[in-house]
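Notes to accompany the following structure.
Quick note on labels: first sequence line is chain A, next is B, and so on, each numbered from 1. Just so it is clear, the model here is predicted, and its values are computed rather than measured.
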Amino acid sequence: MVTRFAPSPTGYLHVGGARTALFNWLWARRSGGTFILRIEDTDLKRNTPTATRQVMQDLRWLGIEWDEGPEVGGPNGPYLQSERLDYYTRYARRLLDAGRAYYCFETPEELDAMRAQAEAQKKGFIYPRPPQFPSQQDVEKARAQGKPVTIRFALPLDKPLVVDDLIRGRISFHPAELGGDFIIIKSDGFPTYNFACVVDDYHMRITHVIRGQEHLMNTPGQKALWEALFPGEATPQYAHMSVTVSDTGGKLSKRERPQTLRAALETMPDIDLAKLAAVGGIPVEALQSFLRAESTPDIPAIEAMAAHLDVHLPEINIVDFFRSGYLPETMVNFLALLGWNPGDQREIMTVEELIRSFDPTRLTKSNSLFDRKKLLAFNTEHLRMEPPERVLAHFQAYLREAESPLLRADDPTRARILKLCEGARTFADVERKSIFVFIADDQVVFEEKAVQKVLFKDRALEILRQVREKLAGMDPLTEQGIEEMLRGLAEQRQVGLGKVAQPLRVALCGTTISLPIFDSVSLLGKERTLRRIDLTLRKFEAAAPA
RNA sequence: GGCCCCAUCGUCUAGGUAGGUCUAGGACACCGGGUUUUCAACCCGGCGACAGGGGUUCAAAUCCCCUUGGGGCUACCA
């Protein structure tokens with residue numbers, strides 16, 4: 001069995017693409033077959049130079065390795081369609097010679113006009129096949145006149161086209177309603193998707209294809225092409241899966257990120273636009289225009305501004321989830337369960353379990369919504385479940401990507417922090433709770449809310465001073481000693497531990513959320529703990545309400 | 001407009017091919033309670049669905065038809 005994932009290199013790997021790749025990969029692994037990566041870069045206008053590299057990087061992060069394809073090679077290469085042009089021209093020639101394809105010379109404008117006319121008559125557009133196919137001289141004449149030259153496949157109209165879909169069963173199409181003869185070679189000499197796909201699937205000996213529902217209507221045309229090109233040869237078996245839509249409404253689209261930022265900005269009226277624009281590295285005018293929904297800055301600018309304002313953008317691409325602190329194991333598990341299930345009630349599964357259980361006939365027919373809250377729950381579970389060394393390795397990668405101050409910690413410390421954060425939902429949570437240890441003592445940022453709710457209440461500063469004195473007298477500083485001291489103090493003052501621990505926490509971190517307090521003190525050490533308490537007392541004692 | 005696909009809790013889904021064992025199961029979310037040095041996690045409990053209408057049948061979530069709703073395609077994009 002040979003399966004494939006065939007993305008077009010237009011940007012990062014997105015959730016939908018990852019899901020398609022995953023199912024094909026699981027299927028190949030399940031059956032001991034081959035999984036091929038093929039890059040469909042036949043649209044010069046849409047290709048992004050770095051996209052192929054990005055897609056491969058994201059696949060590898062997910063653990064989806066290809067047996068044949070770019071960088072790994074294989075007997076059926078090359079694996080970039082732009083390097084396979086000779087195949088397509090050869091087969092187009094063959095169809096032309098057999099009278100199964102013909103040249104056309106309409107300009108895009110002429111085609112648009114024909115379509116508009118069909119629409120005005122409330123009819124579906126069907127390309128009118130000429131009674132006589134243009135000759136080679138006609139082609140030369142057209143070229144001389146500067147007309148575009150394309151090649152169309154003469155779709156057989158005599159019998160219904162039948163597709164046997166593994167998920168949806170037998171589907172029959174009337175060729176006359178399919179839009180007529182379609183283009184196989186564009187005027188730039190490149191093949192269209194439908195043509196290149198057939199030629200390559202044949203030459204790469206693809207036996208099984210799982211792809212999105214959006215390709216279902218392409219399948220009858222591809223089958224007809226296959227029969228004309230490779231009569232008697234079996235086409236791959238197709239499985240057209242459902243689509244995944246976003247829980248923020250509509251399709252999972254990259255526009256969601258800018259839109260989320262804009263919506264957040266609208267709730268912040270007194271914002272310093274000049275400063276924000278500087279953060280994003282764009283002119284103020286560009287930011288203003290963005291706010292009026294007239295333009296959109298590029299994604300790095302959007303992300304920088306969102307990070308600055310602490311606005312969480314919805315993740316769209318696989319790399320976004322990496323940057324938000326998700327585990328690849330989580331993504332694989334979650335994506336696999338969107339539109340598929342193992343047939344029993346298991347949900348949290350390892351990759352090995354997924355491979356063992358995968359059966360494409362269990363793919364769901366209906367579309368599903370990408371639920372980020374459930375994803376979060378899955379990540380919490382995987383963070384707890386995966387081997388600690390593996391989690392640590394992923395954590396390092398996350399920190400490197402984030403250029404986090406936690407990079408300054410050594411491995412044992414990071415492992416300790418990870419352990420203290422049991423129950424955390426993402427690496428971002430872990431980082432947020434422990435970052436205070438790795439910043440300079442005078443760089444602690446005090447959250448207004450924390451100050452008001454903790455430091456300025458219940459004689460917190462008085463307690464803090466007491467804590468400071470006791471801490472100063474402790475040598476050495478052990479977690480156990482700290483705990484006994486804080487508990488003793490709470491008891492002595494007839495208050496809950498929270499009344500003692502929270503002021504200390506805010507003094508050390510500036511926020512009410514951090515690692516467990518005893519570990520926070522021990523991680524910081526005696527000297528830095530005392531210094532932070534002193535800085536806090538100095539800063540807030542004068543300002544405290546009586 | 002034409003063609004094609006789909007329809008079970010708010011969400012992901014089990015059950016549908018072989019109609020009765022389904023007063024419809026699980027998970028996430030949500031709500032209530034518990035635990036607690038913060039957040040999270042954790043424990044207990046609760047809410048909650050067969051889109052509507054017709055058939056077929058002793059019996060329908062399950063089979064058939066219609067309606068409605070959602071999605072896709074209708075490109076010299078893939």
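Neither OP1 nor OP2 of B/A78 sits under 4.0 Å from any side-chain N or O of A/Thr192. Phosphate contact (OP1/OP2 of B/U74, side-chain N/O of A/Arg115, threshold under 4.0 Å): absent. One finds a side-chain N or O of A/Arg384 lying less than 4.0 angstrom from the OP1 or OP2 phosphate oxygen of B/C42. Of the side-chain N and O atoms in A/Asn341, one or more sit less than 4.0 angstrom from OP1 or OP2 of B/A14. Contact annotation: A/Arg487 side-chain N/O to B/U37 OP1/OP2 distance is under 4.0 Å. OP1 or OP2 of B/A78 lies within a sub-4.0 Å distance of a side-chain N or O belonging to A/Thr42.
The nearest heavy atom of RNA chain B to A/Leu497 and to A/Pro191 marks one nucleotide each, and the one closer to the 5' end goes with A/Leu497. Each of A/Leu337 and A/Asp519 lies near RNA chain B, and the nucleotide nearest A/Leu337 is the one positioned closer to the 5' end.
The side chain of A/Lys186 has B/A78 as its nearest neighbour among B/A41, B/U37, B/A78. When each of B/G26, B/A29, B/G72 is scored by its nearest atom to the side-chain atoms of A/Lys373, the top-ranked nucleotide is B/A29. Among the nucleotides B/C77, B/U37, B/C3, the one closest to the side chain of A/Phe173 is B/C3. Listed nucleotides B/A75, B/U37, B/C6 differ in distance to A/Ser366; the shortest reach to its side chain belongs to B/C6. Of all nucleotides listed (B/G71, B/U37, B/C77), B/U37 comes nearest to the side chain of A/Ile517. In the set B/U37, B/U13, B/U11, B/U37 carries the atom at the smallest distance from any side-chain atom of A/Gln502. Distances from the side chain of A/Arg362 to the nucleotides B/U37, B/G15, B/C5 place B/G15 closest. The A/Glu177 side chain lies nearest to B/C3 when the options are B/C5, B/C3, B/G26. Listed candidates were B/C77, B/C28, B/G71. Nearest to the side chain of A/Lys374 is B/C28. Listed nucleotides: B/C12, B/C4, B/C76. Nearest to the side chain of A/Ile171: B/C4.
Checked for salt-bridge contact, A/Asp371 and A/Lys374 miss the test: no charged N lies under 4.0 Å from a carboxylate O.
For the P atoms, the distance from B/U21 to B/G16 is 13 Å, rounded to whole Å. Spacing of C1' atoms, B/G10 relative to B/A29, comes out at 7 Å, to the nearest Å. With both ends at atom C1', the span from B/G19 to B/C64 equals 13 Å, rounded to whole Å. B/U68 and B/G52: their P atoms are spaced 16 Å apart (whole Å).
Using the six-membered ring where Trp is involved, A/Phe427 and A/Tyr398 have ring planes that are tilted, between 30° and 60° apart.
Side-chain contact, A/Arg468 with A/Thr536: no donor N or O sits under 3.5 Å from an acceptor N or O. No donor-acceptor contact under 3.5 angstrom links the side chains of A/Gln81 and A/Asp41, judged on distance only.
B/A59: no Watson-Crick or G-U partner with both key distances under 3.5 Å is found in any strand. Judged by Watson-Crick or G-U wobble contacts below 3.5 Å, the nucleotide B/G16 has no partner. Across the strands present, B/A7 finds its partner in B/U68; the criterion is a Watson-Crick or G-U wobble pair with both atom distances under 3.5 angstrom. With a cut-off of 3.5 Å on both pairing distances, the Watson-Crick or G-U wobble partner of B/G45 is B/C31. Using Watson-Crick or G-U wobble geometry with both donor-acceptor distances under 3.5 Å, B/C77 finds no partner in any strand shown. Shown here, B/C39 forms no base pair; nothing in the strands shown gives a Watson-Crick or G-U wobble contact with both key distances under 3.5 Å.
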| request: Check step by step if side-chain hydrogen bond (donor to acceptor under 3.5 Å, both in side chains) holds for A/Asn341 and A/Arg362. | output: CA-CA 7 Å; A/Asn341 67 80; A/Arg362 291 197 64 83; 2.8 Å; yes

| Worked check of side-chain hydrogen bond (donor to acceptor under 3.5 Å, both in side chains) between A/Thr361 and A/Asp359 | CA-CA 6 Å; A/Thr361 63; A/Asp359 171 2; 2.8 Å; yes

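The base of B/A78 sits with one of its N or O atoms less than 3.5 Å from a complementary donor or acceptor on the side chain of A/Asn218.
Applying side-chain contact (heavy atoms from CB on, under 4.5 Å) to A/Asp519 and the options A/Glu479, A/Glu483, A/Lys419 leaves one that passes, A/Glu479.
Within the 4.0 angstrom heavy-atom criterion, no nucleotide atom of any strand lies near A/Gly179.
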